[in-house]
Amino acid sequence: MTFQAPKGVSEYAPPRSAAFRRAIDTFAAAVTKAGYGYLELPVFEDTQLYARGVGESTDVVTKEMYTFEDRGGRSVTLRPEFTAGVLRSVLENGLHHGQLPAKVWAVGPAFRYERPQAGRYRQFYQVDLEAIGSDDPLVDAETIAIAWDWYRQLGLQRLTLLLNTLGCAECRPIYRAALQDFLRALDLDEATRARVEINPLRVLDDKRPEVKAQLEGAPLVTDHLCAACKAHHDQVRTALADLSIPWTDNPRLVRGLDYYTRTTFEFDHPLLGAQSAVGGGGRYDGLSESIGGPPLPGIGFGLGLDRTVLAMEAEQVAAAAVSTVDVYAVPLGEEARRRAFALLAELRRAGLAADMAYGSRGLKGSMKAASKSGARFALIIGERDLEAGAVQLKDLETAEQTEVSLASIVDTLKGKLL
RNA sequence: GUGGGUAUAGCUCAGUUGGCAGAGCGCCAGGUUGUGGUCCUGGAUGUCGUGGGUUCAAGUCCCAUUACUCACCCCA
C-alpha cells in the first residue's frame with residue numbers, strides 16, 4: 001500500500017478497539033452520574049492559550065507543540081492537553097456564572113510532537129474532567145475517586161495512586177527559594193542547572209540515578225506548607241481514607257505543567273514499561289487568571305486512554321470481542337437472498353441485532369460465517385423453505401433446529417431474545 | 001533532540017558456510033447435491049522495507065535511506 005498512518009499516531013481497529021470504546025463509555029456513564037456535563041471542544045486553539053496556560057517554561061510548550069499558521073495568518077496549536085481549552089470554554093460560555101463548581105468532562109485526541117515509544121504517541125487520547133470554581137478539598141477527593149473507581153470498573157487492580165501538594169502562591173515561593181539554594185550546590189548538567197532557575201520543582205522529578213542520588217536531602221514541599229495548604233492537603237487525604245482509596249504520599253511528585261497548585265496526583269501502572277503514568281491531574285488555582293479570566297480555583301485530571309488500554313491488556317482484562325449479533329441469516333439462492341435481506345431489516349427494526357451472509361457462498365460457507373459471527377441463532381432460508389412459507393431456525397449452541405413460519409419468525413425471535 | 005534493536009505471506013515468525021521463497025495460524029474451496037464449531041484434503045497471497053554496491057549467484061555480505069520499535073529526556 002502507498003500510504004501508512006502518520007508517525008507516532010495511535011489507532012484502534014477491531015478487536016482492540018472494543019476495550020478503547022468500553023473505556024470511554026464507562027467513563028461517560030460514571031461522570032454523568034456524578035453531575036459532570038459534556039463539553040465538545042475544538043481540537044486546536046490559539047497558540048497563546050497554551051503558551052500562557054500550560055507555561056512557557058514547560059517542555060510541552062517549548063518543544064512538543066504542533067503549531068502552525070492557518071491561511072488567515074493566525075497561529076494555532078493542536079491541543080497538547082485539555083485543561084487550558086476546557087477552562088477557556090467554561091469562561092467563554094459563562095459556565096462560571098452558574099452554580100459552582102462548574103463540572104465538565106471531555107474526551108478526544110491530544111497532540112505532542114515527541115519521539116514515539118511504548119505508550120507514548122504523537123496523537124494520543126484522553127478523557128478529561130474538570131471541576132471549576134471551588135476550592136473545597138472534597139472536590140479534590142471527588143475527582144480522584146472518580147478516576148480511581150473508573151480504573152477499577154475497567155478491571156484494573158494494580159494501579160498506584162501517588163499524591164502530593166505543591167503549595168500555593170503564599171508558601172510555594174518560600175519553598176522554591178529553599179529548593180533552589182539546595183539545588184544550586186549540586187553537580188548537575190547544563191540543562192538541569194537551567195531548570196533549577198526556571199522551574200526548580202521539576203528537578204525533583206528527575207529519574208536519572210546520578211541526579212536522584214543527589215536529591216536525597218532535598219527540602220520537601222510538605223515541610224514548607226502554609227497553614228491553609230496543610231489543612232487542605234490533610235482534608236483531601238482524610239476524604240480519600242473515608243472512601244477506602246489507598247494512596248502513596250510522594251513529596252517528589254511534581255508533574256510537568258506549570259499551572260498546578262496544591263493537590264497533584266498521578267496513577268501509575270507497573271506493567272507498562274517506561275511510560276508508566278496512565279493518568280494524572282491536580283489543582284490549578286491560578287490558571288484562570290493567567291489566561292485573562294477572573295480568579296477561579298479549579299481541579300481536574302487527564303487520563304490517558306492509550307495507556308489505560310495497554311494496562312487492561314497487560315492485566316488481561318481487555319474485553320474479548322463479544323458477539324454483536326443475535327441472529328445470522330443464511331440464504332440459499334437468489335430469491336432467498338432477497339427475502340433474507342428484507343427479513344434482516346425487519347429484525348433490526350424490531351430491535352434485534354442481525355446480520356446475514358452476503359455474497360454467494362455455499363451453505364457450508366454461510367454456516368461457518370454464522371458461527372463466526374457469534375450469533376445465537378442461524379436463520380436458514382432456502383428455496384424449499386420459501387415454498388413452504390417457512391424458515392429453519394437453528395440454535396447454534398445446542399444445534400437444535402426447528403421450522404418456523406415466515407409470518408411469525410420475527411415474533412418468535414423477539415420472544416427468545418428480548 | 002540522543003542512543004540501541006528490528007524490517008521475509010493478512011498475522012506470528014523460520015530461512016544454516018551466499019545456491020529453486022518456507023512453516024504455523026488465518027482466509028478460501030472441497031470432503032458432505034440443504035447445515036457451523038472438530039477432523040481430513042487442496043488452494044491463493046511475497047517488488048524478502050527502499051535505493052545502490054560486491055558476486056557466476058544476495059532474503060543472507062557492504063553502504064545509504066525510510067519505517068517500525070525500545071530506552072533517555074519528558075509525559076497521557
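Labels below follow one simple rule: chain letters A, B, ... track the order of the sequence lines, proteins then strands, and each chain is numbered from 1.
- Under 4.0 Å is where a charged nitrogen must lie from a carboxylate oxygen, and between A:Asp140 and A:Arg262 no such pair does.
- Using a 4.0 Å heavy-atom criterion, one finds that A:Lys368 contacts the sugar-phosphate atoms exclusively.
- For A:Lys364, the side-chain atoms get nearest to B:G31 when compared with the rest of B:A71, B:G31, B:G34.
- Here A:Tyr125 lies out of heavy-atom contact (under 4.0 Å) with every strand.
- Using C1' as the reference atom, B:A58 and B:U17 are 14 Å apart when rounded to the nearest Å.
- Here A:Lys394 lies in heavy-atom contact (under 4.0 Å) with a base.
- When each of A:Asp285, A:Leu166, A:Ile299 is tested with A:Thr261 by the rule side chain to side chain contact (heavy atoms under 4.5 Å, CB included), just one qualifies, namely A:Asp285.
- Comparing B:G5 with B:G49, their C1' atoms are spaced 16 Å from each other, to the whole Å.
- Using a 4.0 Å cut-off, no side-chain N or O of A:Gln275 falls inside it from OP1 or OP2 of B:C74.
- The side chain of A:Lys372 lies closest to B:C27, out of B:G36, B:C70, B:C27.
- Nucleotides B:G53 and B:U6 place their P atoms 25 Å apart, quoted to the nearest Å.
- When distances run from any side-chain atom of A:Glu114 to the nucleotides B:A76, B:C70, B:G36, the shortest one goes to B:A76.
- Here the C1' atom of nucleotide B:G34 and the CE atom of A:Met367 are 10 Å apart, to the nearest Å.
- B:U50 and B:U8 are spaced 14 Å apart, taking the C1' atom of each and rounding to whole Å.
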Restricting to nitrogen or oxygen on both sides, can you table the protein-nucleotides 3-13 of chain B pairs closer than 3.5 Å?
from: B:G3; atom 1: O6; to: A:Arg115; atom 2: NH2; distance (Å): 3.4

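- To the nearest whole angstrom, the two P atoms, one in B:G37 and one in B:G26, are 12 Å apart.
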Would you tabulate the side-chain donor-acceptor contacts of residues 35-46 of chain A under 3.5 Å, counting partners in other chains and residues two or more places apart, or write 'none'?
from: A:Tyr36; atom 1: OH; to: A:Glu142; atom 2: OE2; distance (Å): 2.5
from: A:Tyr38; atom 1: OH; to: A:Glu40; atom 2: OE1; distance (Å): 2.4
from: A:Glu45; atom 1: OE1; to: A:Arg88; atom 2: NH1; distance (Å): 3.0
from: A:Glu45; atom 1: OE2; to: A:Arg88; atom 2: NH1; distance (Å): 2.5
from: A:Asp46; atom 1: OD1; to: A:Gln48; atom 2: N; distance (Å): 2.9

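- Comparing the same atom, P, in B:A7 and in B:C61 gives a spacing of 10 Å after rounding to whole Å.
- When ring centroids are compared, A:Tyr151 and A:Phe267 come within the 6.0 Å threshold.
- We find that CZ of A:Arg122 is positioned 8 Å from P of B:C68, with the value rounded to whole Å.
- Using C1' as the reference atom, B:U45 and B:C11 are 13 Å apart when rounded to the nearest Å.
- Rounding to whole angstrom units, CZ of residue A:Arg120 and P of B:U2 are separated by 14 Å.
- A:Thr165 and A:Thr263 form no side-chain donor-acceptor contact under 3.5 Å, judged by distance and modelled atom types alone.
- If you check every strand for non-hydrogen atoms under 4.0 Å, A:Ala370 touches nothing.
- Within the nucleic acid shown, A:Glu64 comes within 4.0 Å of sugar-phosphate atoms alone, with no base atom in reach, counting heavy atoms only.
- Looking only at atom types and distance, the side chain of A:Thr264 has no donor-acceptor partner in the side chain of A:Asn164 under 3.5 Å away.
- Rounded to a whole Å, the CZ atom of A:Arg193 is 19 Å from the P atom of B:C73.
- Nearest nucleotide to the side chain of A:Gln117, out of B:A76, B:U35, B:A71: B:A71.
- The interatomic distance linking A:Phe111 (CZ) with B:C74 (P) rounds to 24 Å, in whole Å.
- As judged by a 4.0 angstrom heavy-atom cut-off over every strand, A:Gly119 is placed among the base-contacting residues.
- With hydrogens and angles left out, the side chain of A:Gln392 and the base of B:U35 share no donor-acceptor pair within 3.5 Å.
- Rounded to whole angstrom, the span from the CG atom of A:Leu310 across to the P atom of B:A76 amounts to 16 Å.
- Ring pair A:Tyr260/A:Tyr284: centre-to-centre distance not below 6.0 Å.
- For the pair A:Arg307 (side chain) and A:Gly119 (backbone), a donor-acceptor distance under 3.5 Å is present.
- A salt bridge links A:Arg120 to A:Glu114: one of the charged nitrogens lies within less than 4.0 Å of a carboxylate oxygen.
- When each of A:Tyr121, A:Tyr125, A:Tyr12 is tested with A:Asp306 by the rule side chain to side chain donor-acceptor pair (under 3.5 Å), just one qualifies, namely A:Tyr12.
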| task | Starting at the 5' end of RNA chain B, write a dot or bracket for each base, bracketing those in Watson-Crick or G-U wobble pairs whose two distances are under 3.5 Å and using | for partners on another strand. | result | (((((((..((((.....[..)))).(((((.......))))).....(((((..]....))))))))))))....

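- Between A:Lys7 and B:C68 there is a side-chain N or O to OP1 or OP2 distance below 4.0 Å.
- Between A:Phe265 and A:Trp247, the distance from one ring center to the other does not fall under 6.0 angstrom.
- The P atoms of B:G46 and B:U65 are separated by 30 Å, rounded to the nearest whole Å.
- Within 4.0 Å of A:Ala399, counting heavy atoms only, lies at least one base atom of the nucleic acid.
- The distance from atom CG of A:Leu272 to atom P of B:C70 is 12 Å, rounded to the nearest whole Å.
- Residue A:Leu396 is the one, among A:Leu396 and A:Lys63, whose nearest nucleotide of RNA chain B lies closer to the 5' end (criterion: closest heavy atom).
- Look at CG on A:Asp268: it is 11 Å from P on B:A76, rounded to the nearest Å.
- In the displayed structure, A:Arg252 atom CZ is contacted under 6.0 Å by more than 12 heavy atoms of other residues, nucleotides or ligands.
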